[in-house]
Amino acid sequence: MPKDVITQRSVDYNQWYLDIVREADLAEVAEVVRGCIVVKAHGWAIWELMQRALDDRIKATGHSNVQFPLLIPKSFIMKEAEHVEGFAPEVAEVTRAGGEELAEPYVIRPTSETIIGYFYSKWIRSYRDLPLLYNQWANVMRWEMRTRPFLRTAEFWWQEGHTAHATEAEAEEETLRILHEVYADFVEREMAVPVIRGLKTEKEKFPGALRSYCIEAMMQDGRALQAGTSHNLGQNFARAFDITFTDQNNTIQYAWTTSWGVSTRLIGALIMTHSDDEGLVLPPRLAPIQVVVVPIYKNDEERSTVMAAVARMTAAWKGRLRFKVDDRDNYSPGYKFNEWELKGVPVRIEIGPKDVAKETVALARRDIPGKAGKSFVPQAGLTERIEALLEEMQTTLFQRALAFREAHTADVTTYDELKEQVERGFARAFWAGDTTDEKRIQEETRATIRCIPLEQPGTVGRCIYTGRETDRQVIFARAY
RNA sequence: CGGGGCGUGGCUCAGCCUGGUAGAGCACCGCGUUUGGGACGCGGGGGUCGUGGGUUCAAAUCCCUCCGCCCCGACCA
């Protein structure tokens with residue numbers, strides 16, 4: 001039995017999450033910098049794989065990467081009314097530099113719409129300059145009151161896309177393209193996390209946006225996690241930063257802008273969707289190590305026999321699988337099994353003298369923990385077998401998460417049912433209320449409207465709160 | 001930011017109530033035996049007790065400040 005290093009999910013879900021982050025060596029709270037974390041090697045390796053898959057999609061949809069300054073003049077943040085209200089309380093300021101008080105303080109970017117808006121106004125003159133399709137990979141800082149590794153940290157890493165368009169329709173098209181082709185596609189195919197695509201309500205939208213779209217995922221405790229957002233900013237930021245262009249009719253127009261982002265919070269989503277009481281579980285596509293080999297031997301003679309077999313076996317893997325041979329002498333095989341399970345390596349190959357003699361290996365799959373997921377298979381055809389298994393695991397993890405979400409989602413028709421359902425998962429309900437109603441529900445149930453799903457039933461029902469007839473359904477849930 | 005809990009070797013914690021100069025297990029280092037689900041024996045190193053101040057002959061222990069962490073709220077990617 002593994003040592004008791006991870007709190008069981010059923011005992012304390014939040015403690016379980018923190019235990020996974022620690023034991024899988026993903027990150028550590030940076031106790032000398034409030035609310036910040038150190039992303040450790042294994043955690044960052046996962047993020048790099050995420051970045052690559054996202055960046056490919058961002059480029060494939062026509063965007064280029066750029067890099068803007070970390071610091072933003074404080075006055076910039078103050079220019080868009082809703083934006084100020086939304087972000088002013090949580091920005092960190094730089095007031096001194098070079099040993100002197102600054103004439104105007106800078107803020108450390110909480111997001112970059114404002115400074116990017118300033119430059120876009122310089123760069124855009126004509127409709128021929130549009131669309132402008134840029135993205136940046138950056139760290140940002142928001143002085144959050146309560147932090148949790150990956151889910152909410154003062155400093156976090158993300159990508160933020162910022163585009164400008166000639167028409168409202170083009171901006172809307174861009175906002176939705178990102179939602180579907182970049183975010184939902186990435187999260188479902190690479191992370192194996194099913195999402196609900198939807199529109200945010202007025203209460204929940206991005207400060208300064210016309211409309212915010214999002215993808216929402218369900219964690220294993222039934223709570224919702226916003227996994228990505230894509231905003232149609234309308235002409236709000238264009239007006240604040242004077243982003244104008246001359247159109248075909250020689251008329252000056254404000255541009256239509258968008259912004260969209262996903263962050264290292266996705267690592268938290270990954271953990272809370274797939275992992276179990278034995279440790280981290282990673283979808284094969286995002287596993288820094290997909291296969292680990294644990295050689296087993298009792299003496300030097302056995303060692304050389306086994307290691308020779310390992311070398312023959314892994315020669316075929318180069319360029320096909322991300323693998324590691326754990327040949328450390330100072331740990332027992334049992335120790336290694338547990339360590340790689342904690343770190344979420346999808347496939348483990350064990351090979352000892354008996355296997356060499358029989359031309360077999362022991363193969364263990366992480367999505368089925370313990371002995372149940374272990375089998376003895378021939379060395380012949382092993383590479384293909386592993387590749388097929390990784391594909392299968394990727395699908396299994398997605399299907400499992402989808403089944404979980406479906407089992408924890410229910411249509412509710414009364415307010416009492418809603419209260420009960422948000423304790424265990426998503427509540428789907430007809431909705432015709434306003435922001436005031438929404439706030440009241442949040443106070444009473446701690447649940448919020450996560451989104452208005454893009455996919456609607458096309459039927460009519462009575463609003464869960466106001467009783468008015470409506471054709472609009474929403475998802476209520478408690479959120480991270 | 002409001003309410004609650006807590007900071008003692010790397011980690012988990014005991015000691016604090018009732019002041020008298022710091023311990024355990026795990027981890028680490030050395031040697032030997034081990035190795036198919038977290039091995040064992042012997043020996044060894046490591047802590048100005050979160051920070052700053054106060055009370056006292058004497059503070060891990062009592063009082064105050066600040067910092068940080070965890071839980072529950074409000075806010076949020």
Side-chain angles (χ1 to χ4, degrees), chain A residues 1-7 12-15 17-19 22-23 28-37 85-90 110-111 139-160 183 200 203-207 212 214-217 224-231 259-269 278-279 294-299 302-303 306 328-342 348-356 360-362 364 369-371 373-374 376 439 442-443 446 448 478-480:
Chain A
M1 279 297 285
K3 278 190 190 170
D4 200 14
V5 291
I6 293 179
T7 306
D12 183 343
Y13 191 78
N14 189 63
Q15 188 57 49
Y17 175 78
L18 295 168
D19 291 346
R22 184 189 65 248
E23 291 301 321
E28 171 170 333
V29 170
E31 67 268 13
V32 290
V33 188
R34 184 201 170 102
C36 292
I37 57 171
E85 202 186 320
F87 285 106
E90 56 187 49
T111 178
N139 54 345
V140 290
M141 178 163 274
R142 300 180 187 177
W143 215 250
E144 300 289 352
M145 290 162 184
R146 196 169 145 203
T147 58
R148 243 200 283 240
F150 296 120
L151 296 175
R152 187 175 305 105
T153 48
E155 179 186 27
F156 58 92
W157 294 266
W158 75 346
Q159 59 68 220
E160 46 178 328
Y183 292 163
K200 285 292 185 190
K203 177 179 169 295
E204 298 284 326
K205 72 169 192 186
F206 178 76
S212 290
C214 64
I215 48 174
E216 294 283 329
L225 187 98
Q226 180 172 304
T229 46
S230 183
H231 315 291
S259 71
W260 28 277
V262 296
S263 72
T264 38
R265 164 180 263 199
L266 288 177
I267 298 172
E278 320 301 317
V294 177
I296 296 159
Y297 43 79
K298 289 189 170 62
N299 51 50
E302 285 184 0
R303 182 179 205 280
V306 170
R328 292 176 297 177
D329 272 331
N330 51 337
Y331 290 100
S332 67
Y335 181 93
K336 293 175 182 176
F337 299 163
N338 283 290
E339 177 171 327
W340 295 115
E341 251 163 38
L342 284 169
R348 186 180 65 245
I349 297 295
E350 305 164 15
I351 177 166
K354 295 176 209 164
D355 297 297
V356 176
T360 60
V361 297
K371 293 245 155 67
K374 200 151 138 176
F376 289 86
K439 280 185 179 150
Q442 181 172 10
E443 279 164 26
R446 291 149 77 195
T448 49
R478 292 187 57 202
Y480 275 96

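Reminder, nothing fancy here: chain letters follow the sequence lines and each chain counts from 1.
Using a 4.0 Å heavy-atom cutoff across all strands shown, A:Ser230 reaches no nucleic acid atom at all. Residue-level contact check: A:Lys336 touches neither bases nor backbone, having no heavy atom under 4.0 Å from any strand. Counting any heavy atom pair closer than 4.0 Å across all strands shown, A:Gly352 reaches a base atom. The residue A:Gly268 sits apart from the nucleic acid: no heavy atom pair falls under 4.0 Å. Among the heavy atoms of the strands lying under 4.0 Å from A:Arg348 is at least one base atom, whether or not backbone atoms are also near.
In the set B:G38, B:A77, B:G36, the nucleotide with an atom closest to the side chain of A:Leu342 is B:G38. Side chain of A:Glu144, nearest nucleotide from B:U35, B:G37, B:A77: B:A77. If you check B:C76, B:U35, B:G37 against the side chain of A:Pro333, the one that comes closest is B:U35. With B:G36, B:G37, B:A77 as the choices, the nucleotide that has an atom nearest any side-chain atom of A:Lys371 turns out to be B:G37. Comparing B:A77, B:G38, B:G36 by their nearest atom to the side chain of A:Ala362 picks out B:G36. Across B:U35, B:C70, B:C76, the shortest atom-to-atom separation from the side chain of A:Leu18 is found for B:C70. Here the nucleotide nearest the side chain of A:Arg142, chosen from B:C76, B:G38, B:G68, is B:C76.
Between the P atoms of B:U12 and B:U18, the separation comes to 29 Å (whole Å). A distance of about 29 Å separates the P atoms of B:G4 and B:A77, rounded to the whole Å. When the P atom is used for both B:C17 and B:A27, the distance is 33 Å, rounded to whole Å. Across the P atoms, B:C67 and B:G52 are found 15 Å apart, a figure rounded to whole Å.
In a base pair of the Watson-Crick type (N1 to N3 plus N6-O4 or O6-N4) or a G-U wobble (N1-O2 and O6-N3), with each distance short of 3.5 Å, B:A74 is matched with no nucleotide. Taking a pair to require two hydrogen-bonding distances under 3.5 Å in either a Watson-Crick or a G-U wobble arrangement, B:U21 remains unpaired. With a cut-off of 3.5 Å on both pairing distances, B:C49 has no Watson-Crick or G-U wobble partner at all. Across all strands shown, B:A39 pairs with B:U33; the Watson-Crick or G-U wobble distances both stay below 3.5 Å. Base pairing analysis places B:C26 opposite B:G10; the two distances defining the Watson-Crick or G-U wobble pair are each below 3.5 Å. Searching all strands for a Watson-Crick or G-U wobble partner of B:U61 with both distances below 3.5 Å returns nothing.
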Practice problem: Output, in order, the C-alpha distance, side-chain angles, deciding distance and verdict of side-chain contact (heavy atoms from CB on, under 4.5 Å) for A:Glu216 and A:Lys200. | Solution: CA-CA 10 Å; A:Glu216 294 283 329; A:Lys200 285 292 185 190; 2.7 Å; yes

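Looking at A:Glu339 and A:Arg328, a side-chain N of the basic residue comes within less than 4.0 Å of a carboxylate O on the acidic one, giving a salt bridge.
If you measure from atom CG of A:Asn299 to atom C1' of B:U33, you get 14 Å, rounded to the nearest angstrom. Taking atom CD of A:Glu90 as the reference point, atom P of B:A74 lies 16 Å away to the nearest angstrom.
Partners of A:Glu204 under the side-chain hydrogen bond (donor to acceptor under 3.5 Å, both in side chains) rule, at least two apart in sequence or in another chain, do not exist in this structure. By the side chain to side chain contact (heavy atoms under 4.5 Å, CB included) test, A:Arg152 pairs with A:Glu144, A:Arg265, sequence neighbours left out.
Remark: A:Arg146 is in phosphate contact with B:C72, judged by side-chain N or O atoms under 4.0 Å from OP1 or OP2. At the phosphate of B:C76, neither OP1 nor OP2 sits under 4.0 Å from any side-chain N or O atom of A:Arg152. Taking only side-chain nitrogens and oxygens, A:Gln442 comes nearer than 4.0 Å to OP1 or OP2 of B:C75. Contact check, A:Ser332 against B:G38: no side-chain N or O comes under 4.0 Å of OP1 or OP2.
Residue A:Lys374 places a side-chain atom within donor-acceptor reach of the base of B:G37, judged by atom type and a 3.5 Å distance cut-off alone.
For the pair A:Arg142 and A:Phe87, the cation-pi criterion (under 6.0 Å, within 45° of the ring axis) is not fulfilled.
Side chains of A:Val356 and A:Ile351 form a contact here, defined as non-hydrogen atoms less than 4.5 Å apart.
Closest-nucleotide positions on RNA chain B for A:Ala30 and A:Tyr480 were compared, and the one nearer the 5' end corresponds to A:Ala30. Between A:Leu151 and A:Ala364, the residue anchored nearer the 5' end of RNA chain B, judged by the nucleotide with its closest heavy atom, is A:Ala364.
Remark: ring of A:Trp158 does not overlap the six-membered base ring of B:A77 in a stacked fashion, as centroids less than 5.5 Å apart with planes less than 30° apart are not both met.
When the shell of 6.0 Å around NZ of A:Lys439 is examined, it contains 12 or fewer heavy atoms from other residues, nucleotides or ligands.
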